Amino acid sequence: MEKNKKIHNTHLDTFLLIRKDYMIGGIERCMYNFIDWLLKNNFRVIYLNVKGSNIHPCIKDKILNRIEVYEIDITKRDSIKELDIKFRDGENVLAYAFSFYYYVFLDDLKKVYRNANIHSYFWLAHYTGYFIEDLYPKFFRPILKILSRNYVKSLEDNNNIIYLNKVHEKAFLMHYNYKIKSKGIKYAFYGKYMPPFDKNIVRKRFEKHNFLIISIARLSFPHKGYLLGLVKDFARLKIKYPQLRLRIIGDGPNKQDLINEINKYNSDISNSIELTGEVFFDDLDKYCYDANLNISLAGGVKSAAVYGVPSLVVRHSENLCTCETYGFLPDSANKTVCKEPGETIDSYINRVINMGFEEYLELSYESYKTYYVSNEEVDINYIKQMNNLNINAHKLSPLLIRYLLKFSFILAKKINITVKNSYV
(Lines give C-alpha, C1' and ligand atoms only; values in the text may rest on other atoms or scores of the structure.)
Protein backbone atom coordinates (compact mmCIF):
# COMPACT_ATOMS: atom_id res chain seq x y z
CA MET A 1 0.00 0.00 0.00
CA GLU A 2 1.15 3.53 -0.64
CA LYS A 3 2.35 5.51 2.30
CA ASN A 4 0.38 8.71 2.87
CA LYS A 5 -1.84 7.96 -0.09
CA LYS A 6 -3.81 11.11 -1.02
CA ILE A 7 -7.20 10.94 -2.70
CA HIS A 8 -9.10 14.00 -3.87
CA ASN A 9 -12.24 14.26 -1.77
CA THR A 10 -15.46 16.16 -2.32
CA HIS A 11 -17.62 14.09 0.04
CA LEU A 12 -19.57 15.66 2.84
CA ASP A 13 -18.79 12.99 5.43
CA THR A 14 -15.68 11.15 6.52
CA PHE A 15 -14.92 8.03 8.52
CA LEU A 16 -11.54 7.60 10.24
CA LEU A 17 -10.31 4.61 12.17
CA ILE A 18 -7.13 3.76 14.02
CA ARG A 19 -6.12 0.23 14.91
CA LYS A 20 -3.18 -2.12 14.91
CA ASP A 21 -3.36 -5.22 12.69
CA TYR A 22 -6.11 -6.10 10.26
CA MET A 23 -6.37 -9.82 9.73
CA ILE A 24 -9.29 -12.26 9.38
CA GLY A 25 -11.88 -12.57 12.14
CA GLY A 26 -15.44 -11.78 13.17
CA ILE A 27 -14.80 -8.20 14.31
CA GLU A 28 -12.64 -7.59 11.28
CA ARG A 29 -15.48 -8.71 9.06
CA CYS A 30 -17.78 -6.18 10.71
CA MET A 31 -15.34 -3.42 9.85
CA TYR A 32 -14.80 -4.80 6.34
CA ASN A 33 -18.55 -4.69 5.66
CA PHE A 34 -18.86 -1.23 7.19
CA ILE A 35 -16.03 0.26 5.15
CA ASP A 36 -17.29 -1.39 1.98
CA TRP A 37 -20.74 0.09 2.65
CA LEU A 38 -19.23 3.53 3.28
CA LEU A 39 -17.33 3.46 -0.01
CA LYS A 40 -20.38 2.38 -1.95
CA ASN A 41 -22.22 5.37 -0.49
CA ASN A 42 -19.44 7.83 -1.40
CA PHE A 43 -18.00 8.48 2.05
CA ARG A 44 -14.38 9.41 2.51
CA VAL A 45 -12.50 6.76 4.53
CA ILE A 46 -9.18 7.25 6.32
CA TYR A 47 -7.24 4.41 7.96
CA LEU A 48 -4.47 5.18 10.47
CA ASN A 49 -2.33 2.08 10.27
CA VAL A 50 -0.17 1.70 13.36
CA LYS A 51 3.45 1.00 12.48
CA GLY A 52 4.32 -2.68 12.76
CA SER A 53 0.78 -3.87 11.98
CA ASN A 54 0.03 -7.17 10.28
CA ILE A 55 -2.29 -6.62 7.32
CA HIS A 56 -3.94 -9.52 5.53
CA PRO A 57 -3.22 -9.40 1.76
CA CYS A 58 -6.94 -9.57 0.92
CA ILE A 59 -7.67 -6.64 3.24
CA LYS A 60 -4.95 -4.63 1.53
CA ASP A 61 -6.22 -5.51 -1.93
CA LYS A 62 -9.96 -5.13 -1.41
CA ILE A 63 -10.15 -2.33 1.14
CA LEU A 64 -6.94 -0.46 1.91
CA ASN A 65 -6.07 0.14 -1.73
CA ARG A 66 -9.41 1.94 -2.10
CA ILE A 67 -9.03 4.37 0.80
CA GLU A 68 -6.59 6.86 2.30
CA VAL A 69 -3.93 5.09 4.38
CA TYR A 70 -1.50 6.79 6.73
CA GLU A 71 1.12 4.89 8.69
CA ILE A 72 1.64 6.22 12.17
CA ASP A 73 4.31 5.52 14.75
CA ILE A 74 2.32 5.76 17.96
CA THR A 75 5.50 5.99 20.07
CA LYS A 76 6.68 9.24 18.48
CA ARG A 77 5.69 12.51 20.12
CA ASP A 78 5.05 14.37 16.86
CA SER A 79 3.41 11.45 15.08
CA ILE A 80 0.07 13.25 14.61
CA LYS A 81 1.58 16.39 13.08
CA GLU A 82 3.57 14.23 10.66
CA LEU A 83 0.38 12.69 9.28
CA ASP A 84 -0.53 15.83 7.33
CA ILE A 85 -4.15 14.82 6.71
CA LYS A 86 -6.03 17.36 4.60
CA PHE A 87 -9.37 18.17 6.21
CA ARG A 88 -11.65 20.87 4.82
CA ASP A 89 -12.81 23.54 7.19
CA GLY A 90 -15.85 22.22 9.02
CA GLU A 91 -15.47 18.68 7.64
CA ASN A 92 -17.54 16.26 9.73
CA VAL A 93 -15.47 13.27 10.77
CA LEU A 94 -16.59 10.12 12.57
CA ALA A 95 -13.52 8.56 14.22
CA TYR A 96 -13.29 5.07 15.74
CA ALA A 97 -10.60 3.79 18.09
CA PHE A 98 -10.43 0.15 19.14
CA SER A 99 -8.83 0.59 22.54
CA PHE A 100 -8.77 3.21 25.28
CA TYR A 101 -5.14 3.94 24.49
CA TYR A 102 -5.94 4.86 20.90
CA TYR A 103 -9.03 6.73 21.98
CA VAL A 104 -6.81 9.15 23.90
CA PHE A 105 -4.81 9.45 20.69
CA LEU A 106 -7.98 10.66 18.96
CA ASP A 107 -8.24 13.39 21.61
CA ASP A 108 -4.78 14.56 20.55
CA LEU A 109 -5.86 14.40 16.90
CA LYS A 110 -8.65 16.86 17.64
CA LYS A 111 -6.16 19.36 19.04
CA VAL A 112 -4.04 19.28 15.88
CA TYR A 113 -6.88 19.33 13.34
CA ARG A 114 -9.02 22.05 14.87
CA ASN A 115 -10.60 22.98 11.55
CA ALA A 116 -12.48 19.66 11.35
CA ASN A 117 -15.43 18.51 13.47
CA ILE A 118 -14.10 15.19 14.76
CA HIS A 119 -16.63 13.05 16.62
CA SER A 120 -14.58 10.37 18.37
CA TYR A 121 -15.79 6.97 19.56
CA PHE A 122 -14.28 4.10 21.48
CA TRP A 123 -15.63 1.04 19.64
CA LEU A 124 -16.29 -1.71 22.19
CA ALA A 125 -16.06 -4.95 20.22
CA HIS A 126 -15.58 -7.43 23.11
CA TYR A 127 -16.98 -7.58 26.60
CA THR A 128 -13.76 -8.62 28.33
CA GLY A 129 -10.14 -7.57 27.91
CA TYR A 130 -10.76 -3.82 27.76
CA PHE A 131 -10.60 -2.95 31.42
CA ILE A 132 -7.68 -0.64 32.13
CA GLU A 133 -7.14 -1.83 35.69
CA ASP A 134 -6.80 -5.51 34.76
CA LEU A 135 -3.21 -5.08 33.54
CA TYR A 136 -2.07 -4.00 36.98
CA PRO A 137 -1.36 -6.06 40.11
CA LYS A 138 -4.49 -6.97 42.09
CA PHE A 139 -3.49 -4.74 44.99
CA PHE A 140 -3.91 -1.58 42.83
CA ARG A 141 -7.04 -2.63 40.94
CA PRO A 142 -9.76 -1.36 43.31
CA ILE A 143 -8.59 2.26 43.25
CA LEU A 144 -7.71 2.07 39.55
CA LYS A 145 -11.16 0.72 38.81
CA ILE A 146 -12.73 3.77 40.44
CA LEU A 147 -10.60 6.09 38.32
CA SER A 148 -11.35 4.06 35.21
CA ARG A 149 -15.06 4.04 35.98
CA ASN A 150 -15.19 7.82 36.24
CA TYR A 151 -13.40 8.15 32.92
CA VAL A 152 -15.61 5.58 31.16
CA LYS A 153 -18.75 7.20 32.55
CA SER A 154 -17.64 10.60 31.25
CA LEU A 155 -17.18 9.06 27.79
CA GLU A 156 -20.59 7.42 27.90
CA ASP A 157 -22.32 10.59 29.07
CA ASN A 158 -20.86 12.44 26.09
CA ASN A 159 -21.72 9.80 23.46
CA ASN A 160 -18.12 8.67 23.01
CA ILE A 161 -18.72 4.91 23.22
CA ILE A 162 -20.24 2.69 20.55
CA TYR A 163 -21.00 -0.95 21.43
CA LEU A 164 -20.96 -3.93 19.11
CA ASN A 165 -24.32 -5.05 20.52
CA LYS A 166 -26.43 -5.08 23.69
CA VAL A 167 -24.46 -7.97 25.23
CA HIS A 168 -21.25 -5.94 25.18
CA GLU A 169 -23.04 -2.90 26.50
CA LYS A 170 -24.51 -4.85 29.41
CA ALA A 171 -21.14 -6.40 30.35
CA PHE A 172 -19.47 -2.99 30.41
CA LEU A 173 -22.27 -1.36 32.38
CA MET A 174 -22.14 -4.12 34.98
CA HIS A 175 -18.36 -4.02 35.30
CA TYR A 176 -18.16 -0.28 35.84
CA ASN A 177 -21.59 0.09 37.45
CA TYR A 178 -22.92 3.07 35.54
CA LYS A 179 -26.12 3.87 33.68
CA ILE A 180 -26.67 5.21 30.20
CA LYS A 181 -28.15 8.70 30.32
CA SER A 182 -27.22 10.14 26.94
CA LYS A 183 -29.30 9.55 23.87
CA GLY A 184 -28.00 8.68 20.44
CA ILE A 185 -26.80 5.67 18.48
CA LYS A 186 -25.29 3.08 20.81
CA TYR A 187 -24.64 0.05 18.61
CA ALA A 188 -22.23 -0.30 15.74
CA PHE A 189 -23.53 -0.42 12.22
CA TYR A 190 -21.29 -2.50 10.00
CA GLY A 191 -22.94 -2.69 6.61
CA LYS A 192 -25.30 -5.22 5.14
CA TYR A 193 -24.73 -7.76 2.43
CA MET A 194 -27.67 -10.04 1.71
CA PRO A 195 -27.55 -12.27 -1.35
CA PRO A 196 -31.03 -13.16 -2.63
CA PHE A 197 -32.76 -16.11 -0.98
CA ASP A 198 -32.69 -18.98 -3.47
CA LYS A 199 -35.23 -21.76 -3.05
CA ASN A 200 -33.44 -23.93 -5.62
CA ILE A 201 -30.20 -23.88 -3.60
CA VAL A 202 -32.15 -24.89 -0.49
CA ARG A 203 -33.66 -27.80 -2.41
CA LYS A 204 -30.23 -28.99 -3.58
CA ARG A 205 -29.01 -28.98 0.02
CA PHE A 206 -32.03 -30.91 1.15
CA GLU A 207 -31.81 -33.59 -1.53
CA LYS A 208 -28.11 -34.42 -1.31
CA HIS A 209 -27.15 -37.58 0.55
CA ASN A 210 -24.56 -36.22 2.96
CA PHE A 211 -25.78 -33.99 5.77
CA LEU A 212 -23.19 -31.23 6.19
CA ILE A 213 -22.84 -29.30 9.45
CA ILE A 214 -20.69 -26.18 9.39
CA SER A 215 -19.29 -24.01 12.16
CA ILE A 216 -17.58 -20.67 11.58
CA ALA A 217 -15.19 -19.50 14.27
CA ARG A 218 -11.68 -18.43 15.11
CA LEU A 219 -9.83 -21.41 16.59
CA SER A 220 -9.08 -19.71 19.87
CA PHE A 221 -9.74 -21.57 23.13
CA PRO A 222 -11.32 -21.30 25.59
CA HIS A 223 -13.06 -18.33 23.86
CA LYS A 224 -14.42 -20.66 21.13
CA GLY A 225 -14.09 -23.85 23.16
CA TYR A 226 -17.51 -25.04 22.03
CA LEU A 227 -15.73 -26.42 18.94
CA LEU A 228 -14.10 -29.12 21.07
CA GLY A 229 -17.53 -30.03 22.41
CA LEU A 230 -18.96 -30.00 18.88
CA VAL A 231 -16.36 -32.52 17.72
CA LYS A 232 -17.22 -34.79 20.66
CA ASP A 233 -20.95 -34.53 19.92
CA PHE A 234 -20.34 -35.12 16.23
CA ALA A 235 -18.36 -38.29 16.96
CA ARG A 236 -21.26 -39.62 19.03
CA LEU A 237 -23.96 -38.64 16.53
CA LYS A 238 -21.99 -40.00 13.57
CA ILE A 239 -22.65 -43.53 14.83
CA LYS A 240 -26.41 -42.95 14.60
CA TYR A 241 -26.30 -40.85 11.43
CA PRO A 242 -23.48 -42.11 9.17
CA GLN A 243 -24.33 -39.45 6.55
CA LEU A 244 -23.10 -36.67 8.84
CA ARG A 245 -20.18 -34.47 7.80
CA LEU A 246 -18.61 -31.58 9.74
CA ARG A 247 -16.82 -28.58 8.25
CA ILE A 248 -15.09 -26.14 10.60
CA ILE A 249 -14.34 -22.83 8.89
CA GLY A 250 -11.59 -20.73 10.41
CA ASP A 251 -8.07 -20.69 11.74
CA GLY A 252 -6.40 -19.64 14.95
CA PRO A 253 -3.76 -20.29 17.60
CA ASN A 254 -5.42 -23.46 18.94
CA LYS A 255 -5.78 -25.32 15.66
CA GLN A 256 -3.50 -28.12 16.85
CA ASP A 257 -5.64 -28.65 19.96
CA LEU A 258 -8.63 -29.14 17.68
CA ILE A 259 -6.67 -31.57 15.49
CA ASN A 260 -5.64 -33.52 18.59
CA GLU A 261 -9.29 -33.84 19.60
CA ILE A 262 -10.27 -35.03 16.11
CA ASN A 263 -7.47 -37.60 16.06
CA LYS A 264 -8.89 -39.30 19.15
CA TYR A 265 -11.55 -40.94 16.98
CA ASN A 266 -11.45 -43.65 14.33
CA SER A 267 -10.83 -42.84 10.68
CA ASP A 268 -14.51 -43.02 9.75
CA ILE A 269 -15.19 -40.12 12.13
CA SER A 270 -11.98 -38.12 11.70
CA ASN A 271 -12.15 -38.33 7.90
CA SER A 272 -15.65 -36.87 8.04
CA ILE A 273 -14.36 -33.67 9.65
CA GLU A 274 -12.95 -30.96 7.40
CA LEU A 275 -10.83 -28.05 8.62
CA THR A 276 -10.84 -25.40 5.90
CA GLY A 277 -8.29 -23.11 7.49
CA GLU A 278 -8.52 -19.37 6.96
CA VAL A 279 -11.29 -18.23 4.60
CA PHE A 280 -11.62 -14.62 3.45
CA PHE A 281 -14.96 -12.91 4.01
CA ASP A 282 -15.93 -12.73 0.34
CA ASP A 283 -15.26 -16.45 -0.14
CA LEU A 284 -17.52 -17.72 2.63
CA ASP A 285 -20.37 -18.41 0.22
CA LYS A 286 -18.38 -21.27 -1.34
CA TYR A 287 -18.28 -23.02 2.04
CA CYS A 288 -21.85 -22.25 3.09
CA TYR A 289 -24.10 -22.91 0.12
CA ASP A 290 -23.91 -26.71 0.39
CA ALA A 291 -24.33 -26.76 4.19
CA ASN A 292 -27.46 -28.25 5.75
CA LEU A 293 -26.98 -26.72 9.17
CA ASN A 294 -24.85 -24.04 10.84
CA ILE A 295 -23.82 -24.43 14.49
CA SER A 296 -22.02 -21.29 15.64
CA LEU A 297 -22.01 -18.31 17.95
CA ALA A 298 -21.43 -14.56 17.63
CA GLY A 299 -20.61 -13.46 14.07
CA GLY A 300 -20.43 -17.05 12.86
CA VAL A 301 -24.20 -17.30 13.16
CA LYS A 302 -24.93 -14.45 10.78
CA SER A 303 -22.11 -15.42 8.41
CA ALA A 304 -24.03 -18.53 7.34
CA ALA A 305 -27.58 -17.32 8.01
CA VAL A 306 -27.29 -14.68 5.26
CA TYR A 307 -26.93 -17.58 2.79
CA GLY A 308 -30.13 -19.17 4.04
CA VAL A 309 -28.48 -21.89 6.13
CA PRO A 310 -30.59 -22.97 9.15
CA SER A 311 -28.62 -21.94 12.20
CA LEU A 312 -28.30 -23.20 15.75
CA VAL A 313 -26.91 -20.68 18.24
CA VAL A 314 -24.55 -22.18 20.83
CA ARG A 315 -23.42 -21.11 24.26
CA HIS A 316 -20.42 -18.85 24.72
CA SER A 317 -18.47 -20.10 27.70
CA GLU A 318 -14.83 -19.51 28.49
CA ASN A 319 -14.71 -22.22 31.11
CA LEU A 320 -16.55 -25.11 29.48
CA CYS A 321 -15.58 -26.87 26.26
CA THR A 322 -19.10 -28.13 25.64
CA CYS A 323 -21.53 -27.49 22.81
CA GLU A 324 -24.85 -26.29 24.22
CA THR A 325 -27.51 -24.64 22.08
CA TYR A 326 -30.34 -22.16 22.54
CA GLY A 327 -32.18 -23.38 19.47
CA PHE A 328 -32.73 -22.19 15.92
CA LEU A 329 -32.89 -18.70 14.54
CA PRO A 330 -34.82 -16.48 14.84
CA ASP A 331 -35.83 -17.52 18.39
CA SER A 332 -32.21 -17.56 19.58
CA ALA A 333 -31.10 -14.40 17.77
CA ASN A 334 -30.65 -12.47 21.02
CA LYS A 335 -28.32 -15.13 22.46
CA THR A 336 -25.52 -15.20 19.89
CA VAL A 337 -23.13 -14.15 22.67
CA CYS A 338 -24.58 -15.66 25.83
CA LYS A 339 -23.22 -17.61 28.79
CA GLU A 340 -26.45 -19.11 30.10
CA PRO A 341 -26.70 -22.94 30.10
CA GLY A 342 -28.25 -24.40 26.96
CA GLU A 343 -29.40 -27.78 25.65
CA THR A 344 -27.58 -30.57 23.85
CA ILE A 345 -27.66 -30.39 20.06
CA ASP A 346 -28.90 -33.98 19.56
CA SER A 347 -32.65 -33.36 19.33
CA TYR A 348 -32.18 -30.39 16.98
CA ILE A 349 -30.01 -32.35 14.56
CA ASN A 350 -32.45 -35.23 14.69
CA ARG A 351 -35.27 -32.82 13.84
CA VAL A 352 -33.51 -31.29 10.84
CA ILE A 353 -32.45 -34.65 9.43
CA ASN A 354 -35.99 -36.00 9.60
CA MET A 355 -38.04 -32.98 8.54
CA GLY A 356 -39.72 -32.64 5.17
CA PHE A 357 -38.70 -30.16 2.50
CA GLU A 358 -41.37 -27.54 3.21
CA GLU A 359 -40.41 -27.41 6.89
CA TYR A 360 -36.71 -27.25 5.99
CA LEU A 361 -37.40 -24.48 3.48
CA GLU A 362 -39.25 -22.48 6.13
CA LEU A 363 -36.44 -22.98 8.66
CA SER A 364 -33.91 -21.82 6.04
CA TYR A 365 -35.93 -18.72 5.22
CA GLU A 366 -36.47 -17.83 8.88
CA SER A 367 -32.72 -18.01 9.41
CA TYR A 368 -32.12 -15.77 6.40
CA LYS A 369 -34.85 -13.32 7.37
CA THR A 370 -33.35 -12.83 10.84
CA TYR A 371 -30.67 -10.58 9.38
CA TYR A 372 -32.32 -9.36 6.22
CA VAL A 373 -32.27 -5.64 5.56
CA SER A 374 -33.36 -4.31 2.17
CA ASN A 375 -31.39 -1.62 0.41
CA GLU A 376 -34.30 0.75 0.94
CA GLU A 377 -34.07 0.28 4.72
CA VAL A 378 -30.37 1.11 4.99
CA ASP A 379 -30.05 4.73 6.03
CA ILE A 380 -27.09 6.33 4.24
CA ASN A 381 -27.32 9.22 6.71
CA TYR A 382 -26.22 6.90 9.51
CA ILE A 383 -22.92 8.70 10.09
CA LYS A 384 -24.65 12.06 10.31
CA GLN A 385 -26.67 10.76 13.24
CA MET A 386 -23.55 9.87 15.25
CA ASN A 387 -22.52 12.90 17.25
CA ASN A 388 -20.67 13.52 20.48
CA LEU A 389 -22.65 15.90 22.66
CA ASN A 390 -19.52 18.04 22.93
CA ILE A 391 -16.67 17.25 20.53
CA ASN A 392 -14.26 19.19 22.77
CA ALA A 393 -15.21 17.42 26.00
CA HIS A 394 -12.14 15.18 26.14
CA LYS A 395 -9.49 17.12 24.29
CA LEU A 396 -7.71 17.14 27.61
CA SER A 397 -8.41 13.67 28.97
CA PRO A 398 -7.75 13.39 32.71
CA LEU A 399 -3.99 13.44 33.08
CA LEU A 400 -3.91 10.47 35.44
CA ILE A 401 -5.94 8.35 33.03
CA ARG A 402 -3.54 9.22 30.22
CA TYR A 403 -0.58 8.08 32.29
CA LEU A 404 -2.39 4.90 33.32
CA LEU A 405 -3.11 4.07 29.70
CA LYS A 406 0.41 4.89 28.61
CA PHE A 407 1.97 2.78 31.34
CA SER A 408 -0.42 -0.15 30.75
CA PHE A 409 0.53 -0.07 27.06
CA ILE A 410 4.23 -0.23 27.95
CA LEU A 411 3.55 -2.91 30.57
CA ALA A 412 1.71 -5.09 28.07
CA LYS A 413 4.66 -4.92 25.68
CA LYS A 414 7.25 -5.53 28.41
CA ILE A 415 5.66 -8.70 29.76
CA ASN A 416 4.66 -9.80 26.26
CA ILE A 417 1.06 -10.59 27.01
CA THR A 418 -1.98 -10.47 24.76
CA VAL A 419 -5.32 -9.14 25.91
CA LYS A 420 -8.46 -9.20 23.80
CA ASN A 421 -8.19 -5.62 22.65
CA SER A 422 -4.44 -6.05 22.07
CA TYR A 423 -4.32 -2.27 21.94
CA VAL A 424 -5.73 -2.40 18.43
Side-chain angles (χ1 to χ4, degrees), residues 1-23 28 31-32 34-57 59-123 160 162 383-384 386-388 390-397 399 402 405-406 409-410 413 422-424:
M1 81 186 65
E2 277 184 62
K3 184 179 179 180
N4 289 355
K5 180 178 177 182
K6 302 293 193 304
I7 298 177
H8 178 66
N9 172 62
T10 58
H11 307 323
L12 297 176
D13 300 285
T14 298
F15 175 68
L16 179 149
L17 73 154
I18 177 173
R19 65 171 291 146
K20 186 177 185 294
D21 298 336
Y22 203 151
M23 301 299 285
E28 289 78 5
M31 288 311 306
Y32 175 83
F34 184 36
I35 293 173
D36 187 59
W37 177 83
L38 288 166
L39 293 173
K40 288 177 180 177
N41 286 281
N42 299 318
F43 288 101
R44 181 187 184 190
V45 179
I46 301 170
Y47 177 56
L48 302 186
N49 179 31
V50 178
K51 185 177 181 180
S53 290
N54 296 311
I55 305 295
H56 193 279
I59 295 293
K60 177 181 177 181
D61 179 52
K62 298 192 176 186
I63 288 292
L64 298 192
N65 284 341
R66 300 161 60 196
I67 64 178
E68 299 176 49
V69 179
Y70 297 82
E71 184 177 86
I72 182 165
D73 185 349
I74 205 75
T75 63
K76 293 178 63 176
R77 177 172 294 182
D78 295 327
S79 58
I80 297 177
K81 294 180 181 179
E82 293 175 359
L83 288 174
D84 192 29
I85 303 174
K86 303 301 182 184
F87 288 120
R88 301 183 320 278
D89 288 345
E91 184 167 351
N92 292 312
V93 181
L94 170 65
Y96 275 12
F98 288 76
S99 75
F100 280 123
Y101 182 73
Y102 290 157
Y103 178 80
V104 171
F105 177 87
L106 290 182
D107 283 343
D108 294 335
L109 194 76
K110 291 181 180 182
K111 289 186 288 184
V112 174
Y113 296 99
R114 298 176 184 271
N115 66 316
N117 299 319
I118 300 176
H119 296 269
S120 56
Y121 283 84
F122 167 47
W123 199 65
N160 288 112
I162 190 84
I383 286 184
K384 296 177 183 178
M386 295 190 65
N387 299 295
N388 304 150
N390 178 3
I391 62 173
N392 299 316
H394 299 100
K395 276 188 177 177
L396 294 174
S397 298
L399 191 61
R402 295 173 73 91
L405 288 165
K406 182 70 175 177
F409 177 74
I410 297 171
K413 293 181 68 175
S422 299
Y423 291 92
V424 299

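Every value quoted in this text rests on a predicted model; they were computed, and no experiment measured them. All heavy atoms count here, side chains included; hydrogens, waters and symmetry mates do not.
- Aromatic pair Tyr113/Phe87: ring centres closer than 6.0 Å.
- In terms of modelled atom types and a separation under 3.5 Å, the side chain of Arg19 and the main chain of Asp21 share a donor-acceptor contact.
- Under a 3.5 Å cut-off, the side chain of Asn160 and the backbone N or O of Phe122 do not form any donor-acceptor pair.
- With Asn65 contributing its side chain and Lys60 its backbone, the two residues share a donor-acceptor pair below 3.5 Å.
- Using a 4.0 Å cut-off between a side-chain N of Lys or Arg and a carboxylate O of Asp or Glu, Glu68 and Lys86 do not qualify as a salt bridge.
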One pair to check against side-chain contact (heavy atoms from CB on, under 4.5 Å): Asp84 and Tyr70. What are the steps and the verdict? CA-CA 9 Å; Asp84 192 29; Tyr70 297 82; 5.8 Å; no
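- Counting only heavy atoms from C-beta outward, the side chains of Lys76 and Lys51 never approach each other to under 4.5 Å.
- No option in Leu64, Ile59, Ile63 other than Ile63 meets the side chain to side chain contact (heavy atoms under 4.5 Å, CB included) test with Ile35.
- Residues Asp36 and Lys40 are paired through a salt bridge, judged by an N-O separation under 4.0 Å between the basic side chain and the carboxylate.
- Between Tyr96 and Trp123, the ring planes lie parallel to each other; the angle is under 30°, not in the 30° to 60° tilted range.
- A distance-only check finds no donor-acceptor pair linking the side chain of Asp89 to the backbone of Asn115 [under 3.5 Å].
- With sequence neighbours excluded, the residues satisfying side chain to side chain donor-acceptor pair (under 3.5 Å) with His56 are Glu278.
- With hydrogens and angles ignored, the 3.5 Å screen pairs a side-chain donor or acceptor of Tyr22 with a backbone N or O of Tyr32.
- Between Tyr102 and Val50, some side-chain heavy-atom pair lies under the 4.5 Å cut-off.
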Would you sort out whether Tyr121 and Asn388 count as a side-chain contact (heavy atoms from CB on, under 4.5 Å), showing the intermediate values? CA-CA 8 Å; Tyr121 283 84; Asn388 304 150; 3.6 Å; yes
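- For Lys81, there are no side chain to side chain donor-acceptor pair (under 3.5 Å) partners, not counting sequence neighbours.
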For side-chain contact (heavy atoms from CB on, under 4.5 Å), just list the numbers for Thr14 and Ile46, CA-CA rounded to whole Å, side-chain angles, deciding distance to a tenth of an Å, and then say yes or no. CA-CA 8 Å; Thr14 298; Ile46 301 170; 3.9 Å; yes
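- Between Leu17 and Phe15, the closest side-chain pair of non-hydrogen atoms falls below 4.5 Å.
- Considering only heavy atoms from C-beta on, Ile118 stays 4.5 Å or farther from Leu16 through its side chain.
- Remark: Ile18 CD1 to Ser53 OG distance equals 9.0 Å, nearest 0.5 Å.
- Between the side chain of Asp61 and the backbone N or O of Pro57, no donor-acceptor pair lies under 3.5 Å.
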Audit row: Ile85, Leu48, side-chain contact (heavy atoms from CB on, under 4.5 Å) steps and yes/no: CA-CA 10 Å; Ile85 303 174; Leu48 302 186; 4.1 Å; yes
